[in-house]
Amino acid sequence: MAQGSAISVETVSKRFGNGRAALDGVSLEVERGEFLSVVGASGSGKTTLLRLINRLDDPSAGTIRLGGVDAASLDPVALRRRIGYVFQEVGLFPHMTVAENIAITPRLLGWERARIDSRVEELLDLVRLDANFRTRLPHELSGGERQRVGVARALAAAPETVLMDEPFAALDPLTREALGQDYRTLHEKLGLTTLMITHDMVEALSLADRIAVLRAGTLVAQGRPAAMIDHAHPYVHELMESPRKLARRVDALLAAREC
Ligand SMILES: Nc1ncnc2c1ncn2[C@@H]1O[C@H](COP(=O)(O)OP(=O)(O)O)[C@@H](O)[C@H]1O
Ligand SMILES: [Mg+2]
């Protein structure tokens with residue numbers, strides 16, 4: 001394992017029942033302070049990978065280390081309080097206010113009321129929501145606002161590492177872009193280690209320091225965003241086709257305008 005890795009996944013496989021492995025010999029490292037994006041189609045094993053890292057489930061083979069320590073030796077509940085998790089479907093509790101949703105982990109950790117209140121205020125500011133959102137219920141928020149609350153909740157107890165499962169996938173493109181960029185700014189400002197899963201190569205290219213491509217449970221490529229553009233693997237090439245077409249179309253429009 002490389003020194004300084006926040007997350008180290010070492011030849012990890014996961015089988016459910018008799019089917020093909022959901023993950024098959026996956027190895028990857030996320031360095032401290034790094035923003036790694038894992039890109040893959042639906043069913044490629046992305047959520048399974050995050051669940052194993054967060055110990056919501058255990059690998060069938062292989063080892064996961066967090067800060068150099070075998071995750072299997074850590075208490076799962078304590079571990080999950082140290083790692084922020086942003087869910088695919090947000091998962092706010094519908095009958096709890098925004099403030100109560102954000103305060104879930106601090107409350108479990110037994111923080112005092114005044115400390116929780118000031119932390120909620122600070123977090124709303126961090127995710128750029130007005131303080132009057134505190135008392136709102138999730139159904140009174142837009143999709144983008146809900147996911148901002150999801151991010152605030154994940155950051156509540158000041159974790160060093162944040163796992164994100166297709167966090168912005170359900171949002172319209174403009175909102176997704178704004179939230180992605182805002183999160184990237186937070187990642188820098190708070191010195192976080194982020195592992196973000198997405199099915200969208202464009203999102204990964206615009207946010208991540210490094211990209212890993214997952215296909216049917218196997219990692220087929222890893223590298224800097226620029227390395228994905230001309231990557232030799234046919235599947236990476238296929239994933240790059242749509243962003244490339246988009247770029248060509250925009251170039252053509254710009255060229256036509258200049259004529
Ligand atoms: N609890 C489970 N029991 C059985 N099969 C599962 C379970 N969770 C995931 N799978 C299977 O593992 C594969 C990967 O699923 P998942 O990690 O959710 O993919 P992704 O998040 O990339 O869409 C799928 O074929 C899925 O059906
Ligand atoms: Mg998933």
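All heavy atoms count here, side chains included; hydrogens, waters and symmetry mates do not. In listed order, ligands and their atoms are each counted from 1.
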Residue and atom name of the nearest protein heavy atom (relative to [atom]), distance in Å to one decimal:
{"atom": "atom 12 (O) of ligand 1", "result": "Ala22 CB, 3.3 Å"}
{"atom": "atom 6 (C) of ligand 1", "result": "Phe16 CD1, 3.2 Å"}
{"atom": "atom 23 (O) of ligand 1", "result": "Gly43 N, 2.7 Å"}
{"atom": "atom 19 (O) of ligand 1", "result": "Gly45 N, 3.3 Å"}
{"atom": "atom 18 (O) of ligand 1", "result": "Thr47 CB, 3.8 Å"}
{"atom": "atom 17 (O) of ligand 1", "result": "Thr48 OG1, 2.6 Å"}

Taking the side chain as every heavy atom from C-beta outward, state whether [X] and [Y] have any pair of such atoms under 4.5 Å apart.
{"X": "Leu155", "Y": "Leu192", "value": "yes"}
{"X": "Leu126", "Y": "Lys189", "value": "yes"}
{"X": "Ile102", "Y": "Ile116", "value": "no"}

- Item | Sub-4.0 Å atoms of ligand 1 with respect to non-hydrogen atoms of Ala41 | 22 (O)
- So is Ser42 in contact with ligand 1, going by heavy-atom distances below 4.0 Å? yes
- Please answer: with hydrophobic residues joined when any side-chain heavy atoms are less than 4.5 Å apart, are Leu195 and Met201 in the same cluster? no
- Query: Short N/O distance, under 3.5 Å, between Glu166 and ligand 1?
  - Reply: no
- Got an N, O or S from Thr47 under 2.8 Å of the Mg ion (ligand 2)? yes
- Message: With the threshold set strictly below 4.0 angstrom, can you tell me whether any protein non-hydrogen atom sits that near atom 27 (O) of ligand 1?
- Response: no
- Message: Determine whether any protein heavy atom is located less than 4.0 Å from atom 4 (C) of ligand 1.
- Response: yes
- Message: Minimum heavy-atom separation for Arg82 and Pro159, please, with both atom names.
- Response: O-CB, 3.1 Å
- Message: I need the minimum non-hydrogen distance between Glu100 and Arg107, along with the two atoms involved.
- Response: O-NH1, 4.2 Å
- Message: Can you classify the ring geometry of Tyr235 versus His233 as parallel (below 30°), tilted (30 to 60°) or perpendicular (above 60°)?
- Response: perpendicular
- Message: Looking at Arg257, I'd like to know if its CZ atom is crowded, meaning that more than 12 non-hydrogen atoms belonging to other residues, nucleotides or ligands lie closer than 6.0 Å.
- Response: no
